[in-house]
Amino acid sequence: MRKYELPPINIQRPRIIEHHATPIRPSQHGKYFNSWEEAHAALLERARKLVVISEHKLAESRQFLEKVEAMRKGGK
């Protein structure tokens with residue numbers, strides 16, 4: 001029976017790890033999936049969450065940049 005798992009979130013290359021035998025130990029990175037489709041859906045969900053986090057960071061950076069520009073214009 002094959003099992004599938006996702007690597008840690010900090011790995012740059014997204015992939016699904018396939019185990020050809022039933023793993024003895026529990027996964028250190030998360031849970032095992034019974035089908036490739038379940039693992040793929042989880043990988044897509046993880047990617048969506050990363051996009052949301054990146055968008056929030058980008059918005060915060062833009063706000064900070066606007067504040068710095070306003071300070072620079074006010075100081076002149």
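The chain is numbered in sequence order, starting from 1.
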Would Glu18 and Arg2 count as a side-chain contact (heavy atoms from CB on, under 4.5 Å) here? Give the steps. CA-CA 7 Å; Glu18 181 178 2; Arg2 293 183 178 175; 2.9 Å; yes
Heavy atoms only: give me the nearest Tyr4-Asn34 pair and the separation to one decimal. CE1-O, 4.0 Å
Salt bridge or not between Glu5 and Lys31? Use side-chain N to carboxylate O under 4.0 Å. no
Between His40 and Phe33, is any pair of side-chain heavy atoms under 4.5 Å apart? no
d(Ile16 CD1, Glu38 CD) to nearest 0.5 Å is 11.0 Å
Tell me the closest heavy-atom pair linking Pro7 and Arg15, and the distance in Å. CD-O, 3.1 Å
I need the single residue from Glu55, Arg62, His56 that forms a side-chain contact (heavy atoms from CB on, under 4.5 Å) with Leu58. Which is it? Arg62
Decide yes or no for Val68 and Arg72: does some side-chain heavy atom of the first lie under 4.5 Å from some side-chain heavy atom of the second? no
Any salt bridge linking Arg48 with Glu45? Criterion: basic side-chain nitrogen under 4.0 Å from a carboxylate oxygen. yes
Nearest atoms (heavy-atom pairs only) where Leu43 meets Leu6: N-CD1, 3.8 Å
Rounded at 0.5 Å granularity, tell me how far NZ in Lys73 sits from CD in Glu69. 6.0 Å
